[in-house]
Amino acid sequence: MPAAETPCEPGSAGQTIVFSDVRLDRGGMRTLAGIDLVLGERRIGLLGLNGSGKSSLLKLMVGLLAPTSGSVSIDGLSPTDDAAAVRRRTGFLFQSADNQIVYPIVREDLAFGLEGSAEEAAAAIAGALGRLGIGRLADRRIHELSGGERQLVALAGVLARGPRTILFDEPTSQLDLANRNRLCGVLDGLPQQAVVVTHDLDLVAGFDRVLVVGDGRIVADGDPADAVAFYRRRYG
Ligand SMILES: Nc1ncnc2c1ncn2[C@@H]1O[C@H](COP(=O)(O)OP(=O)(O)OP(=O)(O)O)[C@@H](O)[C@H]1O
């Protein structure tokens, strides 16, 4: 198996995500400009007001958007030109689970697109569901699950692929307090590198690095306490 397809094991390194003078226009308007970043930490948070460009930054990392100018690389690969390799190594959890669940039964959905033998796929699915404590949902119909359960199933689908990095777009926004706390616990224990867009300021408290996006630029970049304090001062 080539290195690019090796599933992440506990303790394995994440990836280095590089933005070089990135500009992004959406709908004819400047969304991001002058973005220069090297991100290699294990837990990275992205804060910012609605519409500030956080999700756009995340989508650039995995090639769901392409820069208008400048470049993005992830471990030396281009998210747009090397899309298949980047997406094997980099999972994306959408804000709404319905955007990434395709099949009607949980187990079928998790099997979709998995590489390897049927036994390897079954083991990856069982491992992912087990890690999230939702093995009991394996044979349930997706449309009968609650929103929180669907969110966890969508995360299991990402985990089953063994990515090195997981990009989370507002992972707690649709969860009740119990499921929000559960997701925080899961996030804490994941061996993968995680980049998390959130409005949940407590979620980033133990992170290694937190960035604040404002007016299409990075307006703060540091440890969680400093970045959150800046965010509250500037926008609170
Ligand atoms: N499909 C699109 N076409 C044109 N403009 C878009 C599109 N999607 C988003 N935008 C614009 O890009 C800007 C940044 O959006 P983005 O979703 O990255 O912000 P965000 O910081 O993640 O916001 P939120 O916190 O509300 O999710 C916004 O002004 C938004 O209106």
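The first residue in the sequence is number 1, and the count goes up from there. Just follow the structure's listing: the first ligand is 1, and inside any ligand the first atom is 1.
The two atoms that bring Met61 and Pro79 nearest to each other are O-CG, 3.4 Å, heavy atoms only. When every heavy atom of Val197 is checked against every heavy atom of Pro171, the shortest pair comes out as O-CD, 3.5 Å. Smallest separation of non-hydrogen atoms from Cys184 and Leu203: SG-CD1, 3.2 Å.
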Determine, step by step, whether Arg88 and Glu115 satisfy the salt bridge (charged side-chain N to carboxylate O under 4.0 Å, His left out) criterion, reporting the C-alpha distance in whole Å, the side-chain angles of both residues, the deciding distance to 0.1 Å, and the verdict.
CA-CA 10 Å; Arg88 266 197 297 272; Glu115 296 173 350; 3.6 Å; yes
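Looking at residues two or more places apart in sequence or on another chain, you find a salt bridge (Lys or Arg N to Asp or Glu O under 4.0 Å) between Arg180 and Asp200.
Atoms of ligand 1 lying under 4.0 Å from any heavy atom of Gly53, numbered from 1 in the order shown and given with element: 14 (C), 18 (O), 19 (O), 20 (P), 21 (O). Those atoms of ligand 1 with a heavy atom of Ser56 less than 4.0 angstrom away are 14 (C), 15 (O), 16 (P), 18 (O).
Inclusion of Gln95 in the set of residues having an N or O under 3.5 Å from an N or O of ligand 1 is not warranted. Below 3.5 Å of separation, one finds no N or O of Gly48 facing any N or O of ligand 1.
With a heavy-atom cut-off of 4.0 Å, Thr31 touches ligand 1 through its side chain alone. Only the side chain of Glu170 comes within 4.0 Å of ligand 1, judged by heavy-atom distances. By the criterion of a heavy-atom distance under 4.0 Å, neither the backbone nor the side chain of Lys59 is placed next to ligand 1. Contacts of Leu49 with ligand 1, taken as heavy-atom pairs under 4.0 Å, involve the backbone alone.
Tested against Thr90, the residues Arg164, Gln192, Gln15 include a single side chain to side chain donor-acceptor pair (under 3.5 Å) partner, Gln15.
Checking atom 31 (O) of ligand 1 against the protein gives no heavy-atom contact under 4.0 Å. Shown here, atom 7 (C) of ligand 1 is in close reach of the protein: a heavy atom of it lies under 4.0 Å off. In this structure, atom 14 (C) of ligand 1 is in close contact with the protein, since a protein heavy atom lies within 4.0 Å of it.
Under the 4.5 Å side-chain heavy-atom criterion for Ile, Leu, Val, Met, Phe, Trp and Tyr, Leu132 and Val106 are members of the same hydrophobic cluster.
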Would you tabulate the side-chain donor-acceptor contacts of residues 208-226 under 3.5 Å, counting partners in other chains and residues two or more places apart, or write 'none'?
| unit_1 | atom_1 | unit_2 | atom_2 | d |
| --- | --- | --- | --- | --- |
| Asp208 | OD2 | Arg42 | N | 3.3 |
| Asp208 | OD2 | Arg43 | N | 2.9 |
| Arg209 | NE | Asp221 | OD1 | 2.9 |
| Arg209 | NH1 | Val38 | O | 2.8 |
| Arg209 | NH1 | Glu41 | OE1 | 3.4 |
| Arg209 | NH1 | Glu41 | OE2 | 3.3 |
| Arg209 | NH2 | Asp221 | OD2 | 2.8 |
| Asp223 | OD1 | Ala225 | N | 3.2 |
| Asp223 | OD1 | Asp226 | N | 2.9 |

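The protein atom (non-hydrogen) at minimum distance from atom 29 (O) of ligand 1 is Gly51 O, 3.7 Å. At the shortest separation from atom 4 (C) of ligand 1 among protein heavy atoms lies Gly27 N, 3.7 Å.
Contact annotation: His199 has at least one heavy atom less than 4.0 Å from an atom of ligand 1. Distances from ligand 1 to the non-hydrogen atoms of Ser52 include at least one value under 4.0 Å.
Other residues, nucleotides and ligands contribute more than 12 heavy atoms inside 6.0 Å of the CZ atom of Arg136.
Under the 3.5 Å distance criterion, with hydrogens and angles disregarded, a donor-acceptor pair is assigned to the side chains of Arg26 and Ser56.
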